[in-house]
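First up is the structure itself, then whatever we jot down about it.
A note on names: the letters A, B, ... follow the listed sequences, proteins ahead of strands, and every chain is numbered from 1.
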There are 2 protein chains.
Amino acid sequence: MVMARPGKISEAVVRRLPLYLRVLDELAEAGQTKLLSSQELGERAGVTPALVRKDLAWFGEFGKQGVGYDVHYLRSELRRILHLDKEIRIALVGVGSLGMALARYHRRRYLIEPDFNLHIVALFDTDPRKIGEVVDGVPISSLGELPVLVDRLGIRMAMIAVPAEAAQGVADRLAAAGVKAILNFAPVKLKVPPGVHVATADLSGELQCLAYYLDR
Amino acid sequence: MVMARPGKISEAVVRRLPLYLRVLDELAEAGQTKLLSSQELGERAGVTPALVRKDLAWFGEFGKQGVGYDVHYLRSELRRILHLDKEIRIALVGVGSLGMALARYHRRRYLIEPDFNLHIVALFDTDPRKIGEVVDGVPISSLGELPVLVDRLGIRMAMIAVPAEAAQGVADRLAAAGVKAILNFAPVKLKVPPGVHVATADLSGELQCLAYYLDR
DNA sequence: TAGATTGTTAATCGATTAACAATC
DNA sequence: TAGATTGTTAATCGATTAACAATC
């Protein structure tokens with residue numbers, strides 16, 4: 001087995017791995033298919049077969065020539081590569097209607113799907129009326145408790161679902177508390193220290209892009 | 001003024017336009033800045049100045065050499081290019097907790113911001129208990145009413161916030177009803193007829209990408 | 001073995017950056 | 001005019017595709 005050379009892998013490649021993983025999840029669930037060619041995987045993921053092979057080759061050799069990829073083996077390797085083979089504990093900051101929806105959705109998946117390892121273990125808000133309230137078994141804490149809870153619960157990832165004005169402040173506190181990856185739903189470009197990764201899910205921005213394609 | 005040559009413009013370019021627009025919105029709101037260089041716009045949007053100029057040049061000449069871009073003029077031109085200068089009526093299908101959050105968020109922005117032209121005018125769900133319920137002034141309708149309401153209300157865009165299994169069916173019905181742009185929150189790759197644009201907001205996929213960057 | 005499909009290298013394509021002439 | 005900054009062309013960079021030898 002060829003060793004992976006991480007660090008050099010481009011974001012474009014990483015962004016496709018969850019697509020492949022979803023296809024494998026579905027096939028593993030269905031249980032029919034044992035083997036899968038890059039052709040088939042590509043079709044289902046919406047990617048060319050050559051690109052599938054090239055993407056996977058960055059991380060090792062997972063297929064057999066003339067045969068294809070073993071669904072369960074490739075799935076478990078992708079889960080390992082994405083660090084989804086172990087539980088990842090997540091904090092969610094901002095329990096407004098969006099935050100609440102995100103919390104519920106992910107909590108539910110975590111409880112239902114046996115190996116959905118994204119685990120929201122803490123909720124935070126600044127509204128004193130919300131603090132103490134329990135959502136799907138998780139209490140809402142004040143932001144002051146962030147450092148202690150990140151430490152105690154082993155939180156490594158966070159979602160920010162607060163108003164735009166508050167997002168940078170929250171990001172600062174998350175980074176200070178040691179959170180290494182942030183999914184930001186506020187429409188602002190966050191500045192974070194090196195070593196912290198941010199992805200922005202800019203929902204209104206997506207709508208604005210789509211509007212471009214409307215004629216007139 | 002040089003005429004735009006639309007159709008050839010890459011998605012990479014279009015995806016940055018909302019970033020520029022947001023910067024211009026903020027500056028216009030603040031009211032301080034009248035003129036802006038590609039340098040400054042780039043910094044605020046997280047893009048190189050050369051790329052800012054190149055992106056804008058696809059659509060025309062909006063700046064003055066030696067001077068820069070007029071904030072209000074460029075803003076209004078970008079709004080026009082993105083078709084955000086006129087109201088865009090949107091249907092939202094699936095009023096679960098995520099759908100509800102999306103509806104509330106966008107309704108509120110539409111009511112508060114004078115020229116936020118993304119207007120959710122109809123909500124749809126299959127749950128008979130929800131049908132008839134009113135969310136922020138918009139009633140929830142049954143999916144059967146989709147064609148009539150799309151037509152009557154002039155709906156051109158839609159958001160899908162239903163469970164993964166139901167998403168393709170909803171997309172088919174939206175396309176059949178004449179909706180031309182779809183923002184899909186379900187973790188599936190939708191197939192749509194030519195002329196219909198789909199963007200996928202795969203929130204769990206984003207988290208999975210982020211997980212890659214966690215060490216160990 | 002013959003057929004199939006991988007892993008990988010080389011060719012192509014497209015997007016970003018650098019540079020600069022045009023011009024305000 | 002001198003200084004600044006655009007719009008645009010050329011150079012670079014990176015990502016995707018095509019092709020094929022390796023091999024199951």
Of the nucleotides [options], which has the atom closest to the [X] side chain?
X      : options                   : value
S37(A) : dT6(C), dG7(C), dT16(D)   : dT6(C)
K54(A) : dT23(D), dT17(D), dT6(D)  : dT17(D)
S10(A) : dT16(C), dA15(D), dT8(D)  : dA15(D)
R16(A) : dC24(C), dA18(C), dT16(D) : dT16(D)
R53(A) : dC24(D), dT8(D), dT8(C)   : dT8(C)
E61(B) : dT23(D), dT8(D), dT8(C)   : dT8(D)

With both distances under 3.5 Å as the test, what is the Watson-Crick or G-U wobble partner of dA4(D)? dT23(C)
Now, which nucleotide makes the Watson-Crick or G-U wobble pair with dA15(C), with each of the two distances under 3.5 Å? dT12(D)
Closest heavy-atom pair and its distance - F59(A), V13(A): CE1-CG1, 4.1 Å
Between [atom2] of [N] and [atom1] of [X], the distance in whole Å:
X      : N       : atom1 : atom2 : answer
K64(B) : dT8(D)  : NZ    : C1'   : 19 Å
L36(B) : dC24(C) : CG    : C1'   : 17 Å
L35(B) : dG3(D)  : CG    : C1'   : 16 Å
F62(B) : dT8(D)  : CZ    : P     : 11 Å
Q39(B) : dA18(C) : CD    : C1'   : 14 Å
E77(B) : dG7(D)  : CD    : P     : 12 Å
I9(A)  : dA15(D) : CD1   : P     : 12 Å
L51(B) : dA15(C) : CG    : C1'   : 8 Å

For E11(A) and V67(A), find the nucleotide of DNA chain D closest to each by heavy atoms; which residue's nucleotide sits nearer the 5' end? E11(A)
[X] side-chain N/O to [N] phosphate OP1/OP2 under 4.0 Å:
X      : N       : answer
Y69(A) : dC24(D) : no
T48(A) : dT16(D) : no
S38(B) : dT6(D)  : yes

Under 3.5 Å, is there a donor-acceptor pair between the side chain of R75(B) and the main chain of L24(B)? no
Position toward the 5' end of DNA chain C (nearest nucleotide), E40(A) or G66(B): E40(A)
Contact between V179(A) and R173(A) at the side-chain level, heavy atoms closer than 4.5 Å - yes or no? no
I want to check something: taking the side chain as every heavy atom from C-beta on, are L84(A) and F116(A) in contact at a cut-off of under 4.5 Å? no
Using a cut-off of 6.0 Å, state whether more than 12 heavy atoms not belonging to R109(A) lie near its atom CZ. yes
So among V47(B), L36(B), V71(B), which one has a side-chain contact (heavy atoms from CB on, under 4.5 Å) with L41(B)? L36(B)
